[in-house]
Amino acid sequence: MIASIFIAKLRKYQNGFALLSLLFLSAGLYTGLVVSPPDYYQGEVVRIMYIHVPFAEAAMAAYTVLFAGSLWYLWKREPVIDNMCHAAAGIGILFTSVALITGSIWAKPTWNTWWTWDPRLVSFAILLLILIGYLMLRSFLDDPEKEARYSAVLVIIGFVDLPIVHFSVEWWRTLHQPLSISTRGVSIASSMLYPLSFMSIGLYLLLAYLIMVRTQMLYLEHLLEAKQGRLLSEVHSS
Amino acid sequence: MSIKAAGITKSFHHFQVLKNVSLEIKEGACYALFGPNGAGKTTFLRILATLTRPSAGAFEISGHDGIREKMRVRENLFLISHGSYLYDDLTVIENIRFGIEIRGRNLSDSEIKSALDRVEIGAFGRLKARFLSAGMKKRLAIAKAILIRPKVLLLDEGYSSLDERGIAILNHCIREFNNEGTTVFMTTHDRARTAEVAHHAGVLTGGTLKEISVRDLSGSHELF
Amino acid sequence: MNFFKVIRWMVWKDLVSEIRNRENISSMFFFAFAVILIFSFSFSMDARSSRELMPGIIWVAFGFTGIIGLGKSFLPEVQNDCMEYLQMAPVSKGAIYLGKFAGNVLFLLAVEIILFPLFILFFNLDVLDKLPMVLLIFLLATIGLSALGTLFSALTVQIRAREVMFPILLLPLAVPVFIGAVESTRGALNGDPLALYGHWLELLAIFDMIFMIVAFWLFEFILDE
């Protein structure tokens, strides 16, 4: 069974991921909150960047995993891959929400607004909606194979759509909000680069760890359901 | 072999519904599959009809692989199922035209007429499908099978909702199909009527298949 | 070729059914009529603010109307398990998608063309010379909306909460269509030179192309096993 080998691999490596992630995240938090200097323009507020940017990156990574997994599932039809997609979507919602909320908190002192029609912000909001729609769609479908196929289709459509959303909002913004505030990236000093990369690596590892754990949970849940079904059918036929 | 299944296994999220089902049916034979409710009869039929993929195993329909050559299999296959496959707002004739011409065959009016007469619903050709009774819908499906002349005909509880006359017509058609080389595979619960046409029979219990003798069908002891 | 024959038969089937029961077009039309009526009461507009708000109002009305119509487009296919029949038919599933899609574009466009005079009536628009451009925008945006909508309609038609799930999936992904449609409609109604809003038409056209192709390919995974 491919599934049980895959699950065994996850079990074997997950703790390594957890440990490394812990290491990088604590290094990142220490250098980010204690060692690195406050920003010239933004002051201490800039430190939220060390949370916000890595979370946003990890959220995109989660969606990439989801997309790759969906293609893989449509190709090979291996249920455990579908479990992995399911897991990645749930954790993707968590990471996307953190990215959106921290972004909003960061925007208030720097741009003096909680929300602006920035292409990246809108894309992330749409991403969140797609992921929520994904989980809702899954919960409404009864046939496990249909659930897996249909949700994979949704992920692929969303993956193609997100860049177009980004572009269209960018065009729309240049039309309606003349550049009063720049939301372009700022050049980053090297003292900020270390904590940022530590946090990024740490969160990628955390994402991987969470997906691994959640995949196993979903796999076991399905196994349990199957066992229950078998027991019921044995009782029924005896 | 017209239908050949080898080691068909089907699990829904790790729950096995079918366990290693193998089966071979010769061209022009009629095979009847019995079994208790929930034994996996319909699942097996749906796999042969290319509606669901098997989790493991392979099958062939008139020499074409059921997974890799799905299109070829579908050209040779017709399923009569619980769903009537009709559009409520189209008439009987329009439904037949739609259903068969999208498969790439052209039909003349007289062909349709004679098929409808054959199943004795010729008078209802211009009636909208929404006004048909379940038995008439079943007869209409048989008429479609007559027009398509598939190499393999699958029937999911073929006798259900048909009246005495309808069952007689269906059995007559099955014999005729068999004589022309069409293989018939059906799931059923009606032993007496099945015994009139079946050449082979099997019982599916708990996901495993056991072949039985056709003579057992006319007996009165329990099959499963 | 059988591919085009399948498309033709699908469109024919949907048109004949629609002419006989008029369920889809009439429900879309009266819903949109109610929306326009509410809008005309909600905004008491002078000429300037009318120009400002009109494109948005038009596309909110058309968008909701599309949701009503597109969301139901696969209902006749599941009523008697016809989806299974189409799955088992030895035909390209993409052709079936294109047939459904073409039917949806026709229905939606028909409703939009019937409704547009009502906008002119209620909101005192002066559009006669801009009509060809407006129709082109309607066509492009309707294609984009239907390309996604047909796919999602098939995706949601068999689930319990169909009426809720369909807009939840469709609306976020259709954001580019709405932005493109509103901005180009604004340009056209203002009588701007094409160079000022032409890129929105391009956006719509690109969106249409991409999603027709992607949905054409993905539809097989919805209809087939």
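Order of the sequence lines sets the chain letters (A, B, ...), proteins ahead of strands, with each chain counted from 1. Please read all numbers here as calculations on a predicted model, not as lab measurements.
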Indicate yes or no: at least one non-hydrogen side-chain atom of [X] is less than 4.5 angstrom from one of [Y].
X	Y	value
C:Phe207	A:Asp161	yes
A:Met136	C:Ile168	yes
A:Ile157	C:Phe152	yes

Where on C:Ile206 is there a heavy atom nearer than 4.5 Å to chain A: the side chain, the backbone, both, or neither?
neither

Side chain, backbone, both or neither: which part of C:Leu155 has a non-hydrogen atom closer than 4.5 Å to chain A?
both

Heavy-atom count around [X] [atom1] within 6.0 Å, excluding the residue itself: above 12?
X	atom1	value
C:Tyr197	OH	yes
A:Lys108	NZ	yes
C:Phe116	CZ	yes

Shortest non-hydrogen contact from [X] toward [Y]:
X	Y	value
C:Trp200	A:Trp171	CH2-CB, 3.5 Å
A:Phe140	C:Ala161	CZ-CB, 3.5 Å
C:Gln158	A:Lys146	NE2-NZ, 3.5 Å
A:Gly158	C:Leu173	CA-CD2, 3.9 Å
A:Val160	C:Phe211	CG1-CZ, 4.2 Å
C:Leu203	A:Ser168	CD2-CB, 3.7 Å

Kindly say whether C:Asp224 contributes a backbone atom to a donor-acceptor pair with the side chain of A:Arg149 at under 3.5 angstrom?
yes

Among A:Leu162, A:Val165, A:Leu129, A:Val122, the one residue meeting side-chain contact (heavy atoms from CB on, under 4.5 Å) with C:Pro172
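Output: one option passes, namely A:Leu129.
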
With a 4.5 angstrom heavy-atom cut-off, which part of A:Ser123 approaches chain C: side chain, backbone, both or neither?
neither

Between CE of C:Met165 and CG of A:Leu154, what distance do you get to the nearest 0.5 Å?
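Reported value, rounded in 0.5 Å steps: 7.5 Å.
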
Out of A:Leu141, A:Leu74, A:Asp142, A:Ile130, which one racks up the most heavy-atom pairs below 4.5 Å with chain C?
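Heavy-atom pair counts peak at A:Leu74.
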
